[in-house]
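Per chain, numbering begins at 1; letters A, B, ... match sequence-line order.
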2 protein chains.
Amino acid sequence: MLVERPQPIARQVTKIISERIRGQDYSPGERLPSESDLAEELGVSRATVRSALGKLAAEGLVLRKQGDGTYVNQHIIDVPTRMGAMWDFVRLIENIGYAAATQMLESDIRPATAQESALLRITTGSNVITLKRRFSADGKPVILVNDSFPASLFDDPTKALEQIEGELPLRELLWQKCRQAIAYAIINIKAVLPGEDAIQLLERDDSAPLLKLEQVFYNNDNLPILYSVSCYDDKTLGLRLVQTWV
Amino acid sequence: MLVERPQPIARQVTKIISERIRGQDYSPGERLPSESDLAEELGVSRATVRSALGKLAAEGLVLRKQGDGTYVNQHIIDVPTRMGAMWDFVRLIENIGYAAATQMLESDIRPATAQESALLRITTGSNVITLKRRFSADGKPVILVNDSFPASLFDDPTKALEQIEGELPLRELLWQKCRQAIAYAIINIKAVLPGEDAIQLLERDDSAPLLKLEQVFYNNDNLPILYSVSCYDDKTLGLRLVQTWV
DNA sequence: TAGTGGTCTAGACCACTAC
DNA sequence: TAGTGGTCTAGACCACTAC
């Protein structure tokens, strides 16, 4: 169950090429070796190389031109927030160059509200575990997150509450403690004026608007396992992302 | 140059399966036929079926379970905004169920500002074409867009200005008139208080915050070809999207 | 026209799950 | 244990571009 399996070859190739680009073994704007040459050099099939390059193209790290070649996209190297990483706040903050810190403000286990039971599709009154966390960049609070998930995911919910630490990304926590993998999420983005709560906890001296992200995460069996609401100080952080059409 | 080429087989397969799901030939939550069965039925290789299913899985329309099967994801069918379609405002509005209308408020050709010339990487003072457009949902104004792109993309910029109509998506326009295809975009999402301009043009009776999207679009040669700033009334429209981890 | 990326096939073997 | 999706290969042909 917990044996270390080797990474798939395609993933290894993705990593190798990605590191060559980031390490400037392939310079910004430069044309990569052809797919056939890469396949020969790395001792894999061309299909495997194409699979790896496809991943990098979807991230925007390379641009492909039929009949010509594959080029390094210098602009994307500095853009910290690829879409998939958008919700990993610690990595997001660190990528921009700040020191990230996580603080657990509250954690509780209590009956679900009507909204929670609807979104998480559990019976009203059954227990949810709730967390209120705060993320800081260089000591300045920038993100406020309220999470709630069904207590039934854990064998022993009360014990679970003690084990939860602020540092561990919820994605990891849900996998390690509950064997729950997140398959997809439905996300709602809004602009809001901060409430009293947010003004105080984000230490705002004004009431400039915040980004609010409401997210419901589903597992591979299509069951909701996490409801999360984040208030996001875009003045300090900036929510940047890359969109590709491949 | 303009001959109609048949769609790639994988794309056709994607379309067929997608339509079967949306038309409930495969019911919500149901397991699809196995990849081998689909391949046989459609007369294509399993690799082609997998390529098509990969696209649908990335959109969140199906969930794959190794050793088990591929399942229809009923939740996603109603979510209008897949990430790729997020910037096609007309489709966005219509998908939610409103009647969409586009209005060209201003169009101009003038020397680039310092910011524009920096973002579009053209020499200061060279001409840009600028558009101010407004999108409505059921007659209610909901999105305000300011576009600017280098006049040099057109052979005859002055003439081009006359040809531009509000209805045509810029993506189409850039392709049809300039043979420019958008490869990727870098997007910035912010929350702002609406300016005088926006309050008036979006006919707001309050000054509730708006979403602001700043986007720079690049072509396949990694040259910026379009700078676009959108103010977005999330109260009426809601910015919803699906994120998958595949 | 040589060389590039884009598409597709047939086949093999593996990891995993429902039964 | 039968059947599923996940990975990988070798090879073919095509569309397209730089030269």
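For residues 216-229 of chain B, the salt bridge (Lys or Arg N to Asp or Glu O under 4.0 Å) pairs, not counting sequence neighbours, are A:Lys65-B:Asp221.
For A:Arg11 and A:Tyr71, each mapped to the nucleotide of DNA chain D holding its nearest heavy atom, the one lying further toward the 5' end belongs to A:Arg11.
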Identify the pairs formed between an N or O of the protein and an N or O of nucleotides 2-5 of chain D at a distance under 3.5 Å, and give each distance.
unit_1: D:dG3; atom_1: N2; unit_2: B:Gly67; atom_2: O; d: 3.0
unit_1: D:dT4; atom_1: O2; unit_2: B:Gly67; atom_2: N; d: 3.2
unit_1: D:dG5; atom_1: OP1; unit_2: B:Thr70; atom_2: OG1; d: 3.3
unit_1: D:dG5; atom_1: OP2; unit_2: B:Glu35; atom_2: N; d: 2.9
unit_1: D:dG5; atom_1: N2; unit_2: B:Gln66; atom_2: NE2; d: 3.2

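The side chain to side chain contact (heavy atoms under 4.5 Å, CB included) test applied to B:Ala151 returns B:Ile109, B:Asn127, B:Ile129, B:Pro157, not counting sequence neighbours. Not a single salt bridge (Lys or Arg N to Asp or Glu O under 4.0 Å) links A:Arg11 to another residue, sequence neighbours left out. A:Gln115 is linked by a side chain to side chain contact (heavy atoms under 4.5 Å, CB included) to A:Thr113, A:Leu119, A:Tyr227, counting only residues two or more places apart in sequence or in another chain.
Atoms CD (A:Gln7) and P (D:dG6) sit 16 Å apart, rounded to a whole Å. Regarding B:Asn220, its CG atom lies at a distance of 12 Å from the C1' atom of D:dT17, rounded to whole Å. Going from atom CD1 of B:Ile9 over to atom C1' of C:dA10 covers 14 Å, rounded to whole Å.
Here the side chains of A:Phe149 and A:Cys178 are not in contact, with every heavy-atom distance at 4.5 Å or above.
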Any chance you could encode DNA chain D as dot-bracket? Rule is Watson-Crick or G-U wobble with both distances under 3.5 Å; [ ] for pairs crossing earlier ones, | for another strand.
-> ||||||||||||||||||.
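Neither side chain, A:Tyr218 nor B:Asn73, offers a donor N or O lying under 3.5 Å from an acceptor on the other.
A distance of 10.5 Å separates CD1 of A:Ile9 from CD1 of A:Ile16, quoted to the nearest 0.5 Å.
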Apply salt bridge (Lys or Arg N to Asp or Glu O under 4.0 Å) to the pair A:Arg91 and A:Glu172, showing each step before the final yes or no.
-> CA-CA 13 Å; A:Arg91 190 138 53 109; A:Glu172 296 294 324; over 6 Å; no
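The side chain of B:Thr48 contributes no N or O atom lying less than 4.0 Å from OP1 or OP2 of C:dT7.
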